[in-house]
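Convention: sequence-line order gives letters A, B, ...; per-chain numbering from 1. Since this is a predicted model, take the numbers as computed values, not measurements.
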Amino acid sequence: MSDSDTSKKSNFIRQIVEADLASGKYAAVHTRFPPEPNGYLHIGHAKSICLNFGIAEDYDGQCNLRFDDTNPHKENLEFVRVIEEDVRWLGYDWEERMLFASDYFGQLHDFAVDLIQRGKAYVCDLTAEETRTYRGTLTEPGRDSPYRERSIDENLDLFARMRAGEFPDGARVLRAKINMASPNINLRDPTIYRIRHGVVHHQTGDEWRIYPMYDFTHCLSDSIEGITHSLCTLEFEDHRPLYDWFLDALETRCHPQQIEFARLNLEYTVLSKRKLTELVDGGHVDSWDDPRMPTIAGLRRRGYTPVSIRNFCERIGVTKADSRVELQILEGCIREDLEAHGPRRLAVLDPLKVVITNYPEGHEEEFEVPNHPQEPSMGERPVPFDRELWIERGDFMEEAPRKFKRLVTGGEVRLRNAYVIRCDEVIKDADGEISELRCSYDPETLGRNPEGRKIKGVIHWVSATHGVSAEVRLYDRLFTAPNPEGDWLEALNPESLTIVKAVVEPALANAEPGERFQFERTGYFCADRHDHAPGRPVFNRTVALRDSWSKIAAKGGN
RNA sequence: UGGGGCGUAGCCAAGCGGUAAGGCACUGGUUUUUGGUACCAGCAAUCCCAGGUUCGAAUCCUGGCGCCCCAGCCA
């Protein structure tokens, strides 16, 4: 990252890491990012990715990519593939350490046997329903399972037979023997192994009939990998005593420290995997990488850059306080990146025909226009100009408020990078709609200001004969409510996508899929990585330019 | 009502007993062939509340209040 100011990145987790490094508790830091491959990664995961990989990067340590794949019912290979791609796209590298919790199924099984031998785990025959009853409630203690005092030998035998596939799903589980009266419900003899017949695990195939649970798996996986700091979100805070219990009960390589931080909430979207899955499965969006989705893949397709997302994650900080971040912060990050690095182009989203009556018929010119007004190194491209042009319908008004500084009847305006024109006549169709503007140009105003008068407005344009028509997808927030809850689908924004037929300058016809631009005066756009093709240009609006005119106009423009 | 957390401007967030950083947003202004950008200036905080300790408290203590999480054979 270009930003080497680490003090700016400081947060309570980094302080702990620094202290542990300074005290010699650890010679090097080792973190991990542990996604479950049951959905696409979203911007909330990006926060965790940037935290874990960022710490490894800045303190000269390592970060593993580890798939938490203990539930074969919900997980699949496509999610593994996409997660890998997304983390890499964000700019992080796990070298040879692409790992799976399922890599440790053998060791995990042996740890479970060890736990039984130490008298700290037992096979329980209660049904799921009964288990729930025995667990008690938030305010009442649970009761011991009638199977809690089975002999070690019997537990060993039963567990071996669970593994051998002798019992059907749900018939028995292996439980840790901790304390059914604990005020922390997670400690009331949690299940650590369950039976799962007939599912094919994406990594281990049909090798196992029993699968370990998260609490048992996660701490031991961390330990097996020599993780020093195990960072997770706040809802796992209650699980930390369990995390520690397993590592204390067993002889393990090391005892990592679990540290919890607040998960990200973003305005006008949802970030729970359940809801995102529902949006996709319910057809409310087109796919996991629909540009309206807060997924990494969606943001990427929308036009966000890895740098913008990393900056965002740095800007929002890491704390334990629940928060909901304003959307403008994310938008500000991509504007900032694309303002500096996005080549400028001219595109008219809502075209209105302009005929320059005093421009010679059949004549045309080609201007060399800079790709970036402040950055000559970004080069130039040719832009054709001739007698008929398209301008933005919103850039003309017959009767305009005082502060409107674009084209009005009888008024003058600068065509960006070209001449000053005057509107002489407004042509309307049968419905009274403006269909065409007849204008005249001042040939002395190319590259210089006219004498004796000040032209205050500048508008963009595209040659009508050379312009290329393109599909432009205008995206808006996915939800109308800042925090969609309850009947959250009701808050879906019906205008989250508007498709318009635009006319763009010829250079845009050759855009590569995924290429990003600033359409001058309009916003930042990205050639759709799936649908854009030569001959059929498709652009997604990443974010509009900041617009101070709309505020003035809303007040009447006077 | 049990347990675990959190509470500093509109939003995010520094702070770690010495008198409230920064960013975003917002408001002015300058520059500008993008009503963009950049630059300058400004606004904005009962530090959840109430007591206490201290020369001194956002920081320590006590008691409240508010919000979030936990009763999957999910993670």
B:G66 glycosidic torsion: syn (within 90° of 0) vs anti: anti
Geometric cation-pi criterion A:Arg172 and A:Phe167, 6.0 Å radius, 45° cone: yes
C1'-based separation of B:A20 from B:G36 [nearest Å]: 35 Å
Cation-pi check, A:Arg175 onto A:Tyr122 ring (under 6.0 Å, within 45° of axis): no
G-U wobble or Watson-Crick pairing nucleotide for B:G18 (cut-off 3.5 Å, both distances): B:C55
Sugar-phosphate, base or nothing in reach of A:Phe12, heavy atoms under 4.0 Å: nothing
Touch class at under 4.0 angstrom, heavy-atom based, for A:Arg132 against every strand present: sugar-phosphate
Which residue lies more 5' along RNA chain B, comparing A:Arg194 with A:Thr445 via nearest heavy atoms: A:Thr445
B:G7 versus B:A45 - spacing of their C1' atoms, nearest Å: 14 Å
Distance, P atom - from B:C73 to B:C26, rounded to whole angstrom: 49 Å
Touch class at under 4.0 angstrom, heavy-atom based, for A:Lys551 against every strand present: sugar-phosphate
Sugar-phosphate, base or nothing in reach of A:Arg324, heavy atoms under 4.0 Å: sugar-phosphate
A:Trp488 and A:Phe479 aromatic ring geometry - parallel, tilted or perpendicular at 30°/60° bounds: tilted
Aromatic plane relationship, A:Phe236 with A:His239 - under 30° parallel, 30 to 60° tilted, over 60° perpendicular: perpendicular
Touch class at under 4.0 angstrom, heavy-atom based, for A:Leu126 against every strand present: base
Touch class at under 4.0 angstrom, heavy-atom based, for A:Pro373 against every strand present: base
Covered region of RNA chain B, 5' end to 3' end, by chain A [heavy atoms, under 4.0 Å]: B:U1 to B:A75
Sugar-phosphate, base or nothing in reach of A:Ala128, heavy atoms under 4.0 Å: base
Euclidean distance for P, B:U37 against B:G28 (whole angstrom): 15 Å
Pairing nucleotide - B:C39, Watson-Crick or G-U, each distance under 3.5 Å: B:G29
Given RNA chain B, 5'-ward residue of the pair A:Lys405 and A:Pro183, judged by closest heavy atom: A:Pro183
Touch class at under 4.0 angstrom, heavy-atom based, for A:Ile195 against every strand present: nothing
Nearest-angstrom distance, C1' atom, B:U19 to B:U8: 15 Å
Sugar-phosphate only, base, or nothing, as touched by A:Gln518 at under 4.0 Å among non-hydrogen atoms: base
For A:Asp103, all residues meeting side chain to side chain contact (heavy atoms under 4.5 Å, CB included), sequence neighbours excluded: A:Leu99, A:Phe100
Sugar-phosphate only, base, or nothing, as touched by A:Tyr211 at under 4.0 Å among non-hydrogen atoms: nothing
Steps toward salt bridge (charged side-chain N to carboxylate O under 4.0 Å, His left out) verdict (A:Arg274, A:Glu278): CA-CA 6 Å; A:Arg274 194 205 104 222; A:Glu278 203 171 325; 3.7 Å; yes
Nearest-Å distance once atom P is located in both B:G18 and B:A13: 23 Å
Ring geometry between A:Phe525 and A:Phe519 (parallel below 30°, tilted from 30 to 60°, perpendicular above 60°): parallel
Any-strand Watson-Crick or G-U partner of B:C6, both distances under 3.5 Å: B:G66
Same-atom distance (P) from B:A14 to B:G72, integer angstrom: 34 Å
Pairwise P distance, B:C24 and B:A41 [rounded to whole Å]: 14 Å
Sugar-phosphate only, base, or nothing, as touched by A:Ile316 at under 4.0 Å among non-hydrogen atoms: sugar-phosphate
Ring geometry between A:Tyr441 and A:Phe385 (parallel below 30°, tilted from 30 to 60°, perpendicular above 60°): tilted
Sugar-phosphate only, base, or nothing, as touched by A:Ala262 at under 4.0 Å among non-hydrogen atoms: nothing
Sugar-phosphate only, base, or nothing, as touched by A:Glu339 at under 4.0 Å among non-hydrogen atoms: base
Who pairs with B:G72 - Watson-Crick or G-U, where each distance is under 3.5 Å: none
With A:Arg209 via salt bridge (charged side-chain N to carboxylate O under 4.0 Å, His left out) - residues at least two apart: none
Sugar-phosphate only, base, or nothing, as touched by A:Thr137 at under 4.0 Å among non-hydrogen atoms: base
